[in-house]
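Input: a single structure, listed below in structure tokens.
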Protein chains: 2
Amino acid sequence: MDARSVFDQAVVLDPLDEGRWRAHIDPGWNIGDAPNGGYLVSLAVAALARTLPHPDPFAVTAHFPSRTGSGADALIESRMVRAGRSLSMGTAVISQGGSARVHVTGTFGALQQLKGPTNVAGGPPANAPPEQCVRAVGGVGPAPEFVNRFDLRMTPESAMWAVGKPLGRADMQGWVRFVDGRDADPASLCLFADSFPPAVFNIAPARWVPTIELTVHVRGRPAPGWLQARFLTRYLINGYLEEDGELWDSSGALVALSRQLARMQG
Amino acid sequence: MDARSVFDQAVVLDPLDEGRWRAHIDPGWNIGDAPNGGYLVSLAVAALARTLPHPDPFAVTAHFPSRTGSGADALIESRMVRAGRSLSMGTAVISQGGSARVHVTGTFGALQQLKGPTNVAGGPPANAPPEQCVRAVGGVGPAPEFVNRFDLRMTPESAMWAVGKPLGRADMQGWVRFVDGRDADPASLCLFADSFPPAVFNIAPARWVPTIELTVHVRGRPAPGWLQARFLTRYLINGYLEEDGELWDSSGALVALSRQLARMQG
């Protein structure tokens, strides 16, 4: 039995040569036939963490030029662009068969060394506690395979789409943690930022909402325990939409902001 | 006399060889000694437009590994990563002296070919018209050089910082267009998304707020005339902040969303 968490078992980089790794794209993180975008970003972040001198992702951007095949190997190539005193920057590209599948750019720093003013407008959502929320697995019909890697709970309002009664606003909120109790860390926040059903499900049914671009800003080191999440889409225009996310830790601190551009495919 | 607009005069790429251009970093777009980030992104977007088969930037991400020198030449290298039917993706790197200064990733498409559902929550800000707003040049003390390239007007509330009475919330709204009447287009929206004073000026004085990462999503082709802009910072944490921007055209349509991660330097 493997004592590592489900996440750490799925994010394994086999070194090839300088800046190059082979990784297996674990089908346990699929949505339908395709790997979850946040999982792929986690693989790229792991490569960047081995390439850059700073420990924590501050801003990670992924563009998804083509679909990654699941259950197969991929090549990850990571390159440092520049290292400064407080920040460093690099790129990591996931490819299969010579074609780029995910192109990630990351600026890393050290969260624990930050000093400077703090002024926070607003706080975590005042939602029902996890035990009063709706389980994504076993609560409301079938869930994509990757959802089994989490204990993910939607607020009752957010889960309305799942019982065929969309809320009427593109709002998705709730609680999330790894199913095996592994705590979130700065690197895994990129995954949590892409872990909930698309908020747009609460205004319109969609078969598939592929991400075109995802950026995550890690703003703090998460305290152990539940993350609270809030995802919102305000502008669905000609089938394209942004989804803005916030992740709050169990101490009530904002730990990540995310935004993605995605396309609704009915 | 050069009949081209101030913007088109400053975004000129001299071809070197396949995928490589020389550009002059025009000091007319400086903030202090450094070029405005949106101006640099515009140079990279111009290179991507010559490299990718689709006409419009959909998602453009810039990381800024080091400061670009102004009044000097730079090398821009652009590369197509993948072209699909409806979207294509590439990178453009601006460098000087062999060092990367700006690293841009872009996914392009064709705005006029989009079909799909639209559902917009909210609309443009209900602000005072431009003639009742405060001119950034000549209205409230000295402005950075690049502001002279715009007719930029802040709402009276947003301009409070400029008279030493910060509003108390990190909110910056107003109107903007090019000073010479050139209309905005999809490519120049990346510049407009970085044209206003930092919203954080309305909560705390800062000497300098350098951008670490900027992503712009172009959501529509702007109608001629004024753009209305709204920039908001909610989370200033240990000196780091996000700034979220919206740009609306004169027909009341949302044409771009932006977010940047920046650092306050007191």
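Every chain is numbered from 1 and lettered A, B, ... according to where its sequence line falls, protein lines coming before strand lines.
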Count the heavy-atom pairs under 4.5 Å between each of A:Val120, A:Leu111, A:Leu261 and chain B, then report the option with the highest count.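 Going by pairs under 4.5 Å, I would pick A:Leu261.
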
Among A:Asp244, A:Thr105, A:Val81, which has the most heavy-atom pairs under 4.5 Å with chain B? A:Thr105

Given a strict heavy-atom distance threshold of 4.5 Å, which part of [X] is in contact with chain A: side chain, backbone, both, or neither?
X        : answer
B:Thr215 : side chain
B:Ser99  : neither
B:Ile203 : side chain
B:Leu254 : both

Work out which heavy atom in B:Arg82 is nearest to a heavy atom in A:Pro65; give both atom names and the distance.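 Distance-wise, the nearest heavy atoms are NH1-O, 3.1 Å.
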
Using 0.5 Å steps for rounding, measure from the CD1 atom of A:Ile237 to the NE2 atom of B:His217.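 If I round to the nearest 0.5 Å, the distance is 12.0 Å.
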
Highest number of heavy-atom pairs under 4.5 Å with chain A: which of [options]?
options                                : value
B:Glu242, B:Lys115, B:Met264, B:Arg169 : B:Glu242
B:Leu241, B:Thr61, B:Val93             : B:Thr61
B:Pro117, B:Ala253, B:Ser88            : B:Pro117

Of the backbone (N, CA, C, O) and the side chain (C-beta and beyond), which part of [X] lies under 4.5 Å from a heavy atom of chain B, both, or neither?
X        : value
A:Ala59  : both
A:Thr91  : side chain
A:Arg263 : side chain
A:Ser95  : neither
A:Gln113 : neither

I'd like to know if B:Arg234 and A:Glu246 make a salt bridge, using a cut-off of under 4.0 Å between side-chain N and carboxylate O. yes

Is B:Arg259 reaching over with its side chain to a backbone N or O of A:Ser258, donor-acceptor style, under 3.5 angstrom? yes

Please confirm whether the backbone N or O of B:Asn238 pairs with a side-chain atom of A:Arg219, one donor and one acceptor, at under 3.5 Å? no

Within a 6.0 Å radius of atom CG on B:Asp185, are there more than 12 heavy atoms belonging to other residues, nucleotides or ligands? yes

Using side-chain heavy atoms (C-beta onward) and a distance below 4.5 Å, is A:Phe58 in contact with B:Ile212? no

Please say which of A:His63, A:His103, A:Glu213 ends up in a side chain to side chain contact (heavy atoms under 4.5 Å, CB included) with B:Thr107. A:His63

